[in-house]
Amino acid sequence: MSIPQTTREYRLPKVDGFHNLTLTEAPLPKLKETEVLVKVHAVSLQYRDLVVATGKYPLTQKANVVPGSDLAGEIIAVGSEVKHWHVGDRVSSNFATDYIFGDIADKVTTTGLGGAIDGVLTEYKVLPAHALVSVPEHLNYEEASTLPCAAVTAYNALLGGQNPLKGGDTVLVQGTGGVSIFGLQIAVASGATVIATSSSDEKLEIAKKLGATYTINYKKTPNWDEEALRITNGRGVDHIIEIGGVGTIMKSANAIRYGGTVSIIGFVAEGAADTSALPYQILFKASIVRGILVGSRKQFEDMNRLISAVKLKPVVDKVFGFEELQKAYEYQASQRHVGKVVIKVSKE
């Protein structure tokens, strides 16, 4: 195919809501020696995308940004010094393009797609070759687009710390959004027992079908931490995917076992809570509390080997067309989804 000179892309000229999403046409930058040009086939949305659209993202956010961080696509051109990628390769990009391996560093946080730098809600995207990973062969583009943020975050939370998940562990996942569903699937694939929480019995039924052994409706059982302790015969759970933030962290600190790991992913729970006793709960349970900022390209590659080995299929709730982006954002914001909301960018 001929190399395009322009791309249609969405931008956020204002950040007081996703109603500002504006589809424009822009010239593509000239390809550098170490870059590749990717035809974007699909993009998945995150809770982060809603936060970016309202200007409340706590990390660096550039003005008039192209939003979106998670793509799957096909390489259509490579720079002269690119040796390991070829035209036709199916790829995703790491969330932070310069986070290759090891501990995260300050300079890495300035390469987060759709925040500090322009993102992937575009028909064509120029990316550094070092940011790319191969798409698992058994996944289509829509499924593969769900991996860079939600799946890598869940993998890092469960297998990236000093207390990695092992068979026989008990994992509690909060809610049924993208990270939690991937956490559930990765835990089940690793031989763990999963407790899933949600305010919806319908969503909990889906969690059961995906392998959750226990479910808790936190509207009906507000003291879900005590229920988790009961399920584990007072021992507590080994890992918690902590999505709520201030609104749930005290219950997570109570439900975790001695020496267990609470991985803080987000801050979606409404309301406030008294967290003054949190340091004591952490101390007296010798628990590990980790903040998770997605993960490295190395973790992405390791995760993809697990996904390929067990033929894990991401849960795609709904797919929208490229021109339906605002509807997709509305659906993401409604929290009616289980798993991921995806944008089909390419019509081919």
Side-chain angles (χ1 to χ4, degrees), residues 1 4 7-10 28 35-46 48-49 66-78 82 84-97 99 112-114 117-155 178-179 181-182 185-186 294-297 299-308 311-325 328 332 337 339-348:
M1 66 177 292
T7 183
R8 290 193 306 157
E9 62 187 18
Y10 280 94
L28 282 168
E35 293 178 332
V36 301
L37 178 61
V38 174
K39 179 179 181 180
V40 180
H41 282 265
V43 172
S44 69
L45 295 182
Q46 327 295 330
R48 170 184 183 258
D49 295 316
V66 175
S69 58
D70 291 23
L71 68 77
E74 171 191 2
I75 295 177
I76 60 171
V78 298
V82 175
H84 301 295
W85 297 107
H86 305 91
V87 171
D89 287 347
R90 299 194 323 144
V91 295
S92 289
S93 171
N94 201 48
F95 175 89
T97 57
Y99 188 13
L113 290 163
I117 63 175
D118 282 333
V120 299
L121 277 164
T122 178
E123 291 176 315
Y124 300 94
K125 181 67 180 176
V126 173
L127 290 161
H130 63 248
L132 301 182
V133 298
S134 295
V135 167
E137 291 183 2
H138 70 288
L139 301 184
N140 61 34
Y141 283 117
E142 287 81 10
E143 293 165 336
S145 75
T146 68
L147 300 180
C149 182
V152 175
T153 297
Y155 183 89
V179 176
I181 289 296
F182 272 119
Q185 292 179 291
I186 291 169
V294 195
S296 67
R297 191 197 74 190
Q299 289 174 320
F300 199 162
E301 292 166 339
D302 291 345
M303 179 195 72
N304 278 352
R305 284 195 289 273
L306 172 61
I307 286 174
S308 296
K311 296 295 185 285
L312 187 151
K313 280 278 197 176
V315 177
V316 175
D317 185 287
K318 196 169 184 178
V319 178
F320 292 83
F322 191 51
E323 290 77 13
E324 300 177 301
L325 185 61
Q332 177 79 22
H337 60 286
K340 299 295 293 178
V341 178
V342 171
I343 314 301
K344 184 176 175 62
V345 179
S346 172
K347 294 183 172 64
E348 299 176 8

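Across F95 and P148, no two heavy atoms sit closer than the pair CB-O, 4.1 Å. Residue V36 comes nearest to A129 through the heavy atom pair CG1-CB, 4.2 Å, listed as atom of the first residue, atom of the second, then distance. A pairwise comparison of heavy atoms in L139 and K313 identifies CD2-CD, 4.1 Å as the closest pair. Shown here for A150 and G178, the closest heavy-atom pair between the two residues is CB-C, 3.7 Å. Nearest heavy atoms, P4 versus L28: O-CD1, 3.4 Å. Nearest heavy atoms, D118 versus K125: O-NZ, 3.0 Å.
At a threshold of 4.0 Å, the pair E74-K39 does not count as salt-bridged, since none of the basic side-chain nitrogens sits closer than that to a carboxylate oxygen. Salt-bridge check for E301 with R305: failed, with every basic side-chain N at 4.0 Å or more from each acidic carboxylate O.
Taking 4.5 Å as the limit, some side-chain heavy atom of L147 sits within range of a side-chain heavy atom of P314. By the 4.5 Å heavy-atom criterion applied to side chains, L71 and L127 are counted as neighbours. Put simply, the side chain of V120 does not reach to within 4.5 Å of the side chain of S145, judged on heavy atoms.
Formation of a donor-acceptor pair under 3.5 Å by the E123 side chain with backbone atoms of R8 is found in this model. Side-chain atoms of Y10 come within 3.5 Å of backbone atoms of F322 as a donor-acceptor pair (strictly under, hydrogens ignored). Although no hydrogens or angles enter the test, the distance criterion places a donor-acceptor pair under 3.5 Å between the side chain of H138 and the main chain of L312. Between the S69 side chain and the G114 main chain, no donor and acceptor come within less than 3.5 Å of each other. Using a distance-only test at 3.5 Å, with no hydrogens or angles considered, a donor-acceptor pair links the side chain of T146 to the main chain of E143. Looking only at distances, no side-chain donor or acceptor of S44 sits under 3.5 Å from a matching main-chain atom of V341. Side chain of T97 to backbone of A131: no donor-acceptor contact under 3.5 angstrom is found. Without hydrogens or angle criteria, D89 side chain to V133 main chain gives no donor-acceptor distance under 3.5 Å. At distances below 3.5 Å, at least one donor-acceptor pair connects side-chain atoms of N94 with backbone N or O atoms of Y99.
Expressed to the nearest 0.5 Å, how far CD of E35 lies from CG of L132 amounts to 10.5 Å. Taken to the nearest 0.5 Å, the NZ atom of K340 stands 7.0 Å off from the CZ atom of F182. Atom CG in L121 sits 10.0 Å away from atom CG in D70 (nearest 0.5 Å). Between atom NZ of residue K318 and atom CD1 of residue I343 there is a gap of 11.0 Å, rounded to the nearest 0.5 Å. Atom CD in Q185 sits 10.5 Å away from atom CG in L306 (nearest 0.5 Å). With values rounded to the nearest 0.5 angstrom, Q332 atom CD is found 12.5 Å from R48 atom CZ.
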Pair R297-H130, side-chain contact (heavy atoms from CB on, under 4.5 Å): steps then yes or no | CA-CA 9 Å; R297 191 197 74 190; H130 63 248; 4.2 Å; yes
Check the pair S93, L113 against side-chain contact (heavy atoms from CB on, under 4.5 Å), reporting the backbone distance first and the verdict last.
-> CA-CA 9 Å; S93 171; L113 290 163; 3.7 Å; yes
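Within a 6.0 Å radius of CD in E137, other residues, nucleotides and ligands contribute 12 heavy atoms or fewer.
In summary, the aromatic rings of Y155 and F300 are positioned with their centroids too far apart to meet the 6.0 Å limit.
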